[in-house]
*Asks:* 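My questions all concern the structure below.
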Amino acid sequence: MKSFWSKSGLYGLLALLSAASILLFKNAARTQETVTIKVLMQALEAAQWEPLVEEFEAQNPDIDLEIVEGPNATNLVEDLYTSSFLLGDSPYDLVYMDIVWTPKFAAAGWLADLSDRVSDESLGQFLPGDVNGGRYNGNLYRIPFRSDAGMLYYRQDLLAQAGYQPPQTTQELMAISQDLQDRDVVEWGYVWQGKQYEGLAAMFVEVLHGFGGFWIDPDTKEVGLDGEGAIAGVEFLRETIDSGVSPGGVTTYQEEETRRFFQNGTTLFLRNWPYVWRFANEDGSQIAGKVAIKPMVAAPGESSGATQGGWGLGMVKTTEHPDEAWRVIEFITSEAAQKQFVLATGYVPSRRSLFTDPQIVAEYSHYPQLLQVQETAVLRPPIAQYAQASDILQRYLSAALTDRITPEEAMEAAADETRRLLGTN
Ligand code: GLC
């Protein structure tokens, strides 16, 4: 009995020791050979990144690229990153960054300067607006992955049947909408992003530009929100709702709600980003093959503007794995990866060569028009206090759009508060 126990005890101990050593060995191998690189992004896009992640990991077996899913609103993802940096010890190695975050994140010292990692020649292969959106105080903090610009989608089929040319002005957009609504061709004229979030500010920049107004001059810090153009712009948006051209619900819509609304086939015009194209034309879509795009409408005599959007990768300053993080950036922003992503999703590349790539052009016949839209892109003010400035604008716009205050009161208050923020009052 005794010997049995001592024997089995010995075996047990040996088994335990060998299990422990396998575990130790495995852990050692993992920490030596596999590095995890973590990045947070909007849920919608996280799913679309999956094939890229698989391919990256297949080519880089020593790196585990972990995508953490966040909310779809850009400002909510920004808040998550911001609190992780403020609390210290951020779990992220990379920041998948909206173009408007660069000045704030760079000024706060949260990002690594990437200037030495990339030559001017390589940067020259990207769209200049997207590269500039990654610079702050002469340093480079973000490599562009995909570009973005706001545009007008319209029902080509319905306009053609009714004998209309696509609208150039806000007045034409309203008149065509009302006519086709009166004739019961469509239920709604125009849907746009009116919820209180960053998308509202992004959309409003186009309206501002189209009414000859401006938000903040980044050089002089002059604020234009209480100017005539800005107030007229808010009045136009209010008018779309008051006249029934836009559903009252637009004041609660983000991009995806407006896309679904338009895709149901009951609406003539939509303001959105290029990603909608692929969804609108997918199998089973009510409007497949019936949609076209054009630059945003403007007030008569004014020029049209598209808000410059776009996403890229920055590196967290405190990452313990800067070289591995850089390998992810290089792979994701490469021509091959962008091409694969664009073909699969219809997003806009940030590399110039891809706009004329035969395979991409064969898949997306609207790319020539898209370049035209990209060329009119207008920046949101690239200032370190952008997030607060945008928050002020969103709040007052929302109050005016939901009829709590008049457009004039709203814009005067927004201008005052913005001047206080910038210290220019
Ligand atoms: C898109 C744009 C981004 C913008 C956001 C607003 O994602 O690329 O720049 O801030 O929409 O919702």
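Just so you know, ligand 1 is whichever comes first in the structure, and atom 1 is the first atom listed for that ligand.
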*Asks:* Identify, by atom number and element, the atoms of ligand 1 in contact range of G199, meaning under 4.0 Å from any of its heavy atoms.
*Replies:* 6 (C), 12 (O)

*Asks:* Could you tell me whether R419 and E222 make a salt bridge, using a distance below 4.0 angstrom between a side-chain N and a carboxylate O?
*Replies:* no

*Asks:* Any N or O of Y197 that comes nearer than 3.5 Å to an N or O of ligand 1?
*Replies:* no

*Asks:* Measuring from atom 5 (C) of ligand 1, which candidate in T74, D148, T307 has the nearest non-hydrogen atom?
*Replies:* T74

*Asks:* Closest non-hydrogen protein atom to atom 7 (O) of ligand 1, residue and atom name please, with distance?
*Replies:*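 Protein heavy atom at minimum distance: W311 NE1, 3.0 Å.
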
*Asks:* Consider every N or O of G310 and every N or O of ligand 1, then say whether any pair is closer than 3.5 Å.
*Replies:*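 Yes, since at least one N or O of G310 sits under 3.5 Å from an N or O of ligand 1.
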
*Asks:* Which atoms of ligand 1 are found less than 4.0 Å from any heavy atom of E198?
*Replies:* 10 (O)

*Asks:* Among W49, F331, F341, which one satisfies ring-ring contact (aromatic ring centres under 6.0 Å, His included) with F56?
*Replies:*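 Among W49, F331, F341, the one that satisfies the ring-ring contact (aromatic ring centres under 6.0 Å, His included) with F56 is F331.
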
*Asks:* Under a 4.0 Å N-O cut-off, is there an ion pair linking E335 with R351?
*Replies:* no

*Asks:* Do NZ/NE/NH1/NH2 and the carboxylate oxygens of E257 and K195 come within less than 4.0 Å?
*Replies:*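 No.
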
*Asks:* Does this structure show an ion pair linking R420 with D416, if we count only N-O contacts that are shorter than 4.0 Å?
*Replies:* no

*Asks:* If you measure from each non-hydrogen atom of M203 to ligand 1, which part falls under 4.0 Å: side chain, backbone, both or neither?
*Replies:* neither

*Asks:* Could you tell me whether E330 and R327 make a salt bridge, using a distance below 4.0 angstrom between a side-chain N and a carboxylate O?
*Replies:*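 No.
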
*Asks:* For atom 10 (O) of ligand 1, which protein heavy atom lies nearest, and how many Å away is it?
*Replies:* D98 OD2, 2.5 Å

*Asks:* Would you check the N or O atoms of Q308, main chain and side chain alike, for any that come under 3.5 Å of an N or O of ligand 1?
*Replies:* no

*Asks:* I'd like to know if R142 pairs up with D130 as an ion pair, taking the criterion as any Lys NZ or Arg NE/NH1/NH2 lying under 4.0 Å from an Asp or Glu carboxylate oxygen.
*Replies:*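 Salt bridge absent between R142 and D130.
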
*Asks:* Checking a contact table here: which protein heavy atom is nearest atom 6 (C) of ligand 1, and how many Å away?
*Replies:*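 Scanning the protein heavy atoms, the shortest distance from atom 6 (C) of ligand 1 goes to E255 OE2, 3.4 Å.
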
